[in-house]
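Report on the structure given below.
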Amino acid sequence: ATPASLTLNLAEMKERYKNSGDARLVIHTLLLLHGAFISTCRESLVKEVCGRVFNKTFSRSQWRGALKGLIARGLIARGRTPNKEGTLEIYEGYLEEGFVDDYTPREEDMDALQEVLLKSRDWEGLFSIGVYRSTKGQWEKALQVLERAVEVNPHSGEIRYLLGEAHQRTGMIERAQEAYKEVVRLDKRNPKALYALGTIYNEMYMIREAVDALRRVVSLDPNHSGAYFQLAMAFEKAGMIEECLEGLREATSIDPNYTEAHRYLAGLYQKRGQYGEALQEYRELARISPDDEEAHLVLATAYNKIGRVNEAVTELKELIRINPANLKAHYTLALTYYKKGMLEEAIKEFKDVLILSPEDHSARSNLALSYSKKNLLDEAIEEYKEILRLRPQEVGACYNLAQTYEKKGYREEAVARYKEVIELNPEHAEAHYRLALINLKGELLEEAMHGFKEVIRLRPTHAMAHGQLAMLYQKIGLMAEARKEYRLYERLKAPTARG
């Protein structure tokens, strides 16, 4: 945009600029204003900012001299249109080239500029720095300048809308609501303000008002996917599930990559038992956002439920790739392998769970079971011992340890542990039964008989206890008692045989 007659070599221009004295401070000030999104500035504002930020007060001759040099070098221009009299503009191209390479506006400089603007009636400058603050997420500071800008220009819907957003971001919902209402009063066909109002009404459970505002949005902008999503939320709160589903489908139709709409739609389908449709939505989520952990986990869970184990494994592996520290993914994958009989793989995943969470009781129990099932009995024993170290009263671990000792042939250890189980839980029928069997094998007939009777007392339908007691009676010559127990055994096991 610079006239050809003023174009200079960039290196030469930089050198002239660096040696320009007062003119450099003017450029610094213009750069600061430009950073606050103020591209055309009143000369009086530039002078005042020079004084507040750079401690430079210009005499009239110094000011004229600085401007004359900058204009001659083609670095700035005076505003030429009637409403731009007494203004200065900087050629943005020089900023983009890194021309002003010895000054970067600081936060304290921006604060000083804001203080200058707050004392002025420059609503455009106030609004511009309000926009700057909002882009930085500095909503408290944005509020200060935007409230002042509204005082100066109460008829600007643009200022009031950003003021509403600042109130909303700082938790002042009612004041945000009033600001958006004022925007709509100034412009009844403003979809942004109507949408913002609709979302606030939704949050406040003002369903009728939310639906009214959001329907006006979609009438003004039929492709507003966010408005259809918010309408769906309002309909769900009102118990209008079919309308909610329709709103979500409309949102995803307008924007196929609308993640939250797909997620919400999937959840609703799941609640309604429409698992096929829910799966499809989660597949869409995984397509749109390949690193969406929830989508992969839900897909894996669903595939497991319907017996599609290979697909479940694929999803869980993908989830672990995305987040190697995802405890639930490792645990679910381990259980999936275990159910599939892939014990080596299950053991590896249970170990990974314990690396991430060393005190995960469930993972350690399942790891011990996997070892036992794979006949790695020494490893299973160590895991059960660790569980009991952490939870000495854990009956299940104590019983499983006793069983593992029994499998290993460690009779004394097994007996001690079964007795410990019975001490912890006197009504543990299976511990009584296993202990009675060990005593029977060891020819401790009286102890065995007492044990089988205790099992039957606790569980009268325990067929095997009746059968063992019948054989024991027969062995010691109590034939009438043996026949009675045998008949009970036959009757109790019959349903199982028929099945």
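The minimum heavy-atom distance linking L32 with P105 is given by the pair CD1-CB, 3.7 Å. The shortest non-hydrogen separation linking L401 to R417 is CD2-NE, 3.4 Å. Taking each heavy atom of V421 and A431 in turn, the nearest pair found is CG1-CB, 3.7 Å. Contact between A149 and F127 at its shortest, heavy atoms only, is CB-N, 4.3 Å. P256 approaches E284 most closely through the heavy-atom pair O-OE1, 4.4 Å. Across all their heavy atoms, A232 and L248 have their closest contact at CB-CG, 3.6 Å.
Side-chain atoms of T404 come within 3.5 Å of backbone atoms of N400 as a donor-acceptor pair (strictly under, hydrogens ignored). Of the possible polar contacts, none joining the S357 side chain to the V353 backbone as a donor-acceptor pair under 3.5 Å is found. In this structure, D255 contributes its side chain and A251 its backbone to no donor-acceptor pair below 3.5 Å. In this structure, Q114 contributes its side chain and K141 its backbone to a donor-acceptor pair below 3.5 Å. Using a distance-only test at 3.5 Å, with no hydrogens or angles considered, a donor-acceptor pair links the side chain of H296 to the main chain of P290. With hydrogens and angles disregarded, a donor-acceptor distance shorter than 3.5 Å links the side chain of H432 to the backbone of P426. Judged purely by atom type and a 3.5 angstrom limit, R364 uses its side chain to pair as donor or acceptor with the backbone of P358. Of the possible polar contacts, none joining the S372 side chain to the A368 backbone as a donor-acceptor pair under 3.5 Å is found. Side chain of T170 to main chain of H167: a donor-acceptor pair is present (N/O by atom type, distance under 3.5 Å, no hydrogens or angles).
Here K348 does not pair with E345 in a salt bridge; the nearest charged N to carboxylate O distance is not below 4.0 Å. Look at E48 and R52 and you find no salt bridge, because none of the NZ, NE, NH1 or NH2 atoms lies under 4.0 Å from a carboxylate O. Checked for salt-bridge contact, E394 and K385 miss the test: no charged N lies under 4.0 Å from a carboxylate O. For the pair R287 and D292, the salt-bridge criterion is not met [side-chain N within less than 4.0 Å of a carboxylate O]. Between R249 and E281 there is no salt bridge, since no side-chain N of the basic residue sits under 4.0 Å from a carboxylate O of the acidic one.
Between R160 and P154, the closest side-chain pair of non-hydrogen atoms falls below 4.5 Å. Under the 4.5 Å side-chain criterion, counting only non-hydrogen atoms from C-beta, L214 is not in contact with V218. Side-chain atoms of L88 and T40, non-hydrogen and from C-beta on, never get closer than 4.5 Å to each other. Looking only at side-chain heavy atoms (C-beta outward), V184 and K181 stay at 4.5 Å or farther from each other. Annotation: side chain of R121 is in contact with side chain of R148 (closest heavy-atom distance under 4.5 Å). In this structure, the side chains of L194 and Y180 stay at 4.5 Å or more apart for every pair of heavy atoms. Considering only heavy atoms from C-beta on, Y337 stays 4.5 Å or farther from I347 through its side chain. Contact of the L143 side chain with the L163 side chain is registered, since non-hydrogen atoms from C-beta on lie closer than 4.5 Å.
For Y269, the ring-ring contact (aromatic ring centres under 6.0 Å, His included) test picks out no residue, with sequence neighbours left out. Among residues two or more places apart in sequence or in another chain, the ring-ring contact (aromatic ring centres under 6.0 Å, His included) test is passed with Y338 by none. For Y258, the ring-ring contact (aromatic ring centres under 6.0 Å, His included) partners at least two apart in sequence or on another chain are F229. Residues meeting the ring-ring contact (aromatic ring centres under 6.0 Å, His included) test with Y384, sequence neighbours left out: none.
K237 forms a cation-pi arrangement with Y205, by the criterion of a distance under 6.0 Å to the ring centre and an angle within 45° of the ring axis.
Taken from OG1 in T29 to CG in L45, the straight-line distance is 9.0 Å, to the nearest 0.5 Å. Summarising the geometry, atom CZ belonging to R42 is positioned 6.0 Å from atom OG belonging to S120; distances are rounded to the nearest 0.5 Å. The CD atom of Q270 sits 7.0 Å away from atom OH of Y275, with the distance rounded to the nearest 0.5 Å. The distance from the CE atom of M206 to the CZ atom of R208 is 10.5 Å, given to the nearest 0.5 Å. Atom-to-atom distance recorded for I38:CD1 and L117:CG is 5.0 Å, nearest 0.5 angstrom. For the atom pair CD (E124) and CD1 (I129), the distance works out to 14.5 Å, reported to the nearest 0.5 Å.
The number of heavy atoms from other shown groups lying within 6.0 Å of NZ (K56) is above 12. Surrounding CD of E277 are more than 12 heavy atoms belonging to other residues, nucleotides or ligands, all under 6.0 Å away. Environment of CD in E178: crowded, with over 12 heavy atoms of neighbouring residues, nucleotides or ligands closer than 6.0 Å. More than 12 heavy atoms of other shown residues, nucleotides or ligands fall within 6.0 angstrom of atom CD in E294.
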Inset, instruction - Start with the C-alpha gap between E107 and K136, add the side-chain angles, then the distance that decides, and say whether salt bridge (Lys or Arg N to Asp or Glu O under 4.0 Å) holds. - result: CA-CA 11 Å; E107 190 62 26; K136 297 288 184 182; over 6 Å; no

Inset, instruction - Tell me, with the steps shown, if Y371 and L367 meet side-chain contact (heavy atoms from CB on, under 4.5 Å). - result: CA-CA 6 Å; Y371 278 138; L367 176 58; 3.6 Å; yes

Inset, instruction - Would you check, one step at a time, whether the test side-chain contact (heavy atoms from CB on, under 4.5 Å) holds for L31 with H28? - result: CA-CA 5 Å; L31 180 61; H28 286 179; 5.6 Å; no

Legend entry - side-chain contact (heavy atoms from CB on, under 4.5 Å) between V49 and D109, intermediate numbers included: CA-CA 9 Å; V49 175; D109 297 344; over 6 Å; no

Inset, instruction - Please assess L67 against E43 for the test side-chain contact (heavy atoms from CB on, under 4.5 Å), listing each intermediate value before the final yes or no. - result: CA-CA 10 Å; L67 292 189; E43 288 184 34; 3.6 Å; yes

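For residues 215-230, the set of pairs meeting the side chain to side chain donor-acceptor pair (under 3.5 Å) definition, not counting sequence neighbours, comprises N202-Q230. Judged as a side chain to side chain donor-acceptor pair (under 3.5 Å), not a single pair has a partner in residues 189-201 (not counting sequence neighbours).
Side-chain contact, S362 with Y331: a donor N or O sits under 3.5 Å from an acceptor N or O. Looking only at atom types and distance, the side chain of Y264 has a donor-acceptor partner in the side chain of E236 under 3.5 Å away.
None of E386, H361, E359 except one satisfies the side-chain contact (heavy atoms from CB on, under 4.5 Å) rule with R391; the exception is H361.
Between W63 and F58, the ring planes are perpendicular. Angles over 60° get that label, and only those under 30° would be called parallel.
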